[in-house]
Amino acid sequence: MKKYLFIVFLIVPCLCYAQQPAVKGSVLDTLNHQQLSNTVIAVLQAKDSILQTFTRSDAGGKFSIPHLPAGKYLLLATTPGYADYVEPFTLADSTSTTNVNIILSLKSRLLKEVLVNQAIAAIKLKGDTTEYNADSFKMQPNATVEDLLKKLPGIQVDKNGQITAQGEKVQKVLVDGEEFFGDDPTLATQNLRADMVDKVQVFDKKSDQAAFTGIDDGQKTKTLNLKLKEDKKNGYFGKASTGAGNDGYHNNQLMLNFFKKKRKISGYGIVSNTGKTGLNWNERDSYGQSMAENFSYDENTDSYMGDFQSDDLESWDGRYNGQGFPLVQTGGLHFNDKWNEDKQSINGNYKILNLHVDGYSNTSSQYLLPDTFYYTNSSERFANTILRQRANGIYELQIDSTSSIRIAADGGLDHKTTKSARTMQSIAQDSALVNQNERNIATTGDIRTINSSILWRKKLRKKGRTLSLNIQEKYTQNNSDGYLDAVTEFYKNGSVDSSQVIDQYKTNRNENITFDTKLTYSEPLSKSSSIILNYGIVVNNSSSNRNSFNQDASGKYGELDSLYSNDYKFNIFTHRGGANYNLIKKKIRANAGLSAGLTSFDQQDMHTGLTRNRDFVNWFPQASFSYMFSTQRRLSINYNGSTNQPSINQLQPLRTNEDPLNISIGNPDLKPQFSNNIRMFFNDYKILTDRGIWINGSYNFTYNAITSKTVIDASGKRTNQAVNVDGNRNANLYLGYNFKLKKLDMRTGFNGNIRYSRYVNYINEALNATNSGSYELGTYLNKSKEKKYEISMEASATYTNSKSSVQQAIKTNYWTFSINPNVDLFFPWKLQLHTDCNINLRQKTAAFDNNNNVVLWNAWIGKKFMKNDALLIKAEVNDLLKENIGFNRQVNSNFISQQNYGTISRYVFLSINWNFNKTGAGAK
């Protein structure tokens, strides 16, 4: 093989241009030494790969870059059809000049004759978007997008499929910028193949209004977009799997996708009782994960949780959270298309879910009081069923080059039945029985929702001047019927002192309709600044009718209990307006604004004729600042403030008797609370060393925070009332650092997370401040060799502490450790062995002396068939050691609790998985 001289690197003193150090030379073709014109010659700083300057070669292939400061640099030459040229050089002092003769080789010739080491940027920062080049990460044939995401630096995927990007939960996953089956990201990440993806983009999705005007309105959603390869957008692909095991376990899935340029048609169906598929994690996060102040840390959900109360007749929200034994039957259809030169587009989704969940749980808790503490032990058995349907659609029309209209609609129907049997005992510090309660609840309910919106946008004659109108409608109807059978006994000196028996039939009828209109106008003030003004009206009307019936003399539930029955109407009218200022320069983006709402509230008690009126003002300031140090490094800071008015239930709660041991009373003197949220984000990535840093922090503090005042009497009965306090705050700091060990061809990284929370409330008239925190340090590594092995591991250690001022001598401190290895080995004859572990180690606490360490070990062995390993037959074992006992530990404002629950454990499975596709230019 003929050897070619790639580099002629000469450094000679420059006598002609004193005090003007430079790099100069010529660019030639390797084959015939022909001069190459218009080649880009870039000079990068060696320490961080930041661009210093660039030029292009002239018609004779020559170039010159004068006036460079002394230092170390990288010289990069690139032109279409040729391999990139990279070479370090140094300018020692102010009189030196570097002469370089660059000889480039055709890519086609190099592929035949020479092995070329070329660094391809795995990650790019494009404005506010972090973009991953999918092909830079080695994947096994038929790997899913979820497998790809687990390899991307700064992104984690948990066992439920939930994605965390750069320390923040991903709320939405798009495919080519469009919705894919609505709000269920796992349908995209677990069913699309990794080799179809060109880029993975992570960004904060702005509102439609902000995207149109270019002016930030503070509304952002952490979003992940899967940009598909062009040659994969024509044809069909999908996967089918079926499997069965012992004890009736089964899992059957089918996913079909038809793509033709910009038209996408997809469908899926799932029947499974393994608890791993067909369950929407995004909906889990929208029900009760943090409904109050963030003061309670739950180690299993990795989030702080609020102490909130819910109506037991409506307590199950129709989700599976890992507790119990599920059976899911679900399916859906997706359609997306663009036509008329992309002036018109449509996106539609339909999903149906039939979910059955049976299970049980046992919970032990310790409550701290100013002068004592007590324990509760409770158990529950439940059987829940829901039939849920969802549909949504979006139509967009580009009327002309200056105006467009967007129409969106969605709706849903839930029919659910629930049955539960609960028992609870309260025990004093001296082990004496305080009370015990038994409850049986059976309900049937229907929830209907219809939402729609119209957004009209118009660009006016002056550039940057726009006008838009957004009209939204939301309607919800919730009807339920149920039976409550409860017996509560109160003890004194070891014997029953009193008892309470409830046997009632209950009906709930709730309805809400909201109309929201918003007119927005933007005006440019200069080339770099603009202002946006908006005004809107919100009408929110709702009604609540609740009836409780006792048995009459004939044994029928016909006697109305007026104490626990009500009929309310709530009407709320709001004027809302605001202004935002926006500044965009080369490296700086700044935004500041203020909006306010003038609200009138009217409540009518239809039983008594009483009316309550309330007028208040809500303030919503916001500001943001972003600085781009370079194309690979940026810093952003955001502030949002909001006024939150007391809810109707806090001012005047509806009297309920579902839980005789927990009673809520109203507080008409409640003041509105004002919450402040400050967020900071910084990232830095170096292309040549493949090193990334992500820092994400937040701080929240609230004035006049609405918290709870709890009085616990000698019988163990709790009376709760909402009150205002100061001092509530929480903070979070996340740091991620990743790099590639090139000699070992291994990606690795470290991450840390610090969470702190201070929650203030009243317990038996004593002001209680609970300080809670968790401190986590984790690491991960990933190494693979094609057709040999693929190894990854994640490990973390978390220290949790909590202390309440009412019992300073009692502290809750404990460690938890999580280790998650994952190994795939590839043998001859297309055999594959897979094993993974989820090891959780928990330290004992003073309240609970059992540590509940769990090792969940799964494994399978399989053989691949067909072209591109499309067919996989495997035998697998879930939970080899049979240790999935179901465990949850919580630390709250003045109590800690530990729960054990029934969940899916070991099963042996035999399954067949088939990935099929025909994509590319020839697909039809």
Donor + acceptor pair across side chains of T444, D481 (<3.5 Å) = no

Does the side chain of N840 pick up a donor-acceptor pair with the side chain of N838 at under 3.5 Å?
-> yes

Are there more than 12 heavy atoms of other residues, nucleotides or ligands under 6.0 Å from atom CD of E438?
-> no

Taking N435 for the side chain and K717 for the main chain, is one N or O donor matched with an acceptor at less than 3.5 Å?
-> no

Check: T835 side chain, V823 main-chain N or O, donor-acceptor pair, under 3.5 Å | no

Does E380 have any salt bridge (charged side-chain N to carboxylate O under 4.0 Å, His left out) partners at least two apart in sequence or in another chain, and if so, which?
-> R422

Calculate, to the nearest 0.5 Å, the distance between atoms [atom1] and [atom2] belonging to [X] and [Y] respectively.
X	Y	atom1	atom2	result
N354	T385	CG	OG1	7.5 Å
M793	I819	CE	CD1	7.5 Å
R842	T800	CZ	OG1	11.0 Å

Minimal heavy-atom distance between S802 and N813, with the atoms involved, is N-OD1, 4.1 Å

Compare every heavy atom of R439 with every heavy atom of A486, then report the nearest pair and how far apart it is.
-> CB-CG, 3.5 Å

Just do the side chain to side chain donor-acceptor pair (under 3.5 Å) check on N730 and S757 with the steps written out, would you?
-> CA-CA 4 Å; N730 59 73; S757 176; 5.0 Å; no

The single option from V877, T274, D879 that satisfies side chain to side chain contact (heavy atoms under 4.5 Å, CB included) with Y907 is T274

Can you find a pair of side-chain heavy atoms, one from [X] and one from [Y], that are under 4.5 Å apart?
X	Y	value
Y360	F325	yes
Y491	V434	no
Q389	Y350	yes

If the plane angle is over 60° it's perpendicular, under 30° parallel, otherwise tilted; pick one for W815 and Y799.
-> tilted

